[in-house]
Amino acid sequence: MSLLSDTEIADGLPAKWTRDDDEIVREYTFDSYLDGVEFAGDIGEVAEEEFHHPEIIIGYKSVEVRLTSHEAGGITKDDLRLAALFDDEY
Ligand SMILES: C[C@H](O)[C@H](O)[C@H]1CNC2=NC(N)=NC(=O)C2=N1
């Protein structure tokens with residue numbers, strides 16, 4: 001999978017996602033801590049199915065999700081695709 005250009009990333013970022021250097025990031029908020037934990041598990045299953053894994057930081061009533069393509073060394077279409085799939089779980 002090849003690296004995307006700055007323009008391709010900007011144009012392809014799903015709503016509420018932002019770019020942070022070589023990663024794309026979104027923070028999800030929840031009514032309870034355990035709702036966030038459950039969401040993390042849900043997107044973990046999607047990541048495993050797609051074999052493309054995010055960094056997931058579980059906070060109090062919030063979950064931060066970071067995506068990058070390690071092997072490619074930056075942001076690829078896989079990252080944009082998984083971001084949209086994770087949003088479907090929210
Ligand atoms: C060996 C390598 O980790 C695997 O091919 C997969 C697993 N999940 C992955 N996840 C992410 N985010 N980037 C990768 O390059 C990647 N590679």
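Starting from 1, each residue takes its place in the sequence as its number. For ligands, and for the atoms within them, numbers begin at 1 and follow the listed sequence.
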Side chains of E27 and V63 in contact at under 4.5 Å (non-hydrogen atoms): no

field: Side-chain (Y28) to main-chain (A40) donor-acceptor, under 3.5 angstrom
entry: no

Shortest non-hydrogen contact from Y90 toward T29: OH-O, 2.7 Å

query: With distance as the sole criterion, is a donor-acceptor pair present between the side chains of S69 and D79 under 3.5 Å?
result: yes

statement: Contacts of S32 meeting side chain to side chain donor-acceptor pair (under 3.5 Å) (sequence neighbours excluded), chain-then-number -> D35

task: Establish, yes or no, whether a centroid distance under 6.0 Å links the rings of Y60 and F30.
output: no

Atom pairs, nitrogen or oxygen, ligand 1 to protein, under 3.5 angstrom:
unit_1, atom_1, unit_2, atom_2, d
ligand 1, 5 (O), E71, OE2, 2.5
ligand 1, 8 (N), H53, ND1, 2.7
ligand 1, 10 (N), H53, N, 3.0
ligand 1, 12 (N), H53, O, 2.9
ligand 1, 12 (N), T68, O, 2.7
ligand 1, 13 (N), H70, N, 3.2
ligand 1, 15 (O), H70, N, 3.2
ligand 1, 15 (O), E71, N, 3.0
ligand 1, 17 (N), E71, OE2, 3.0

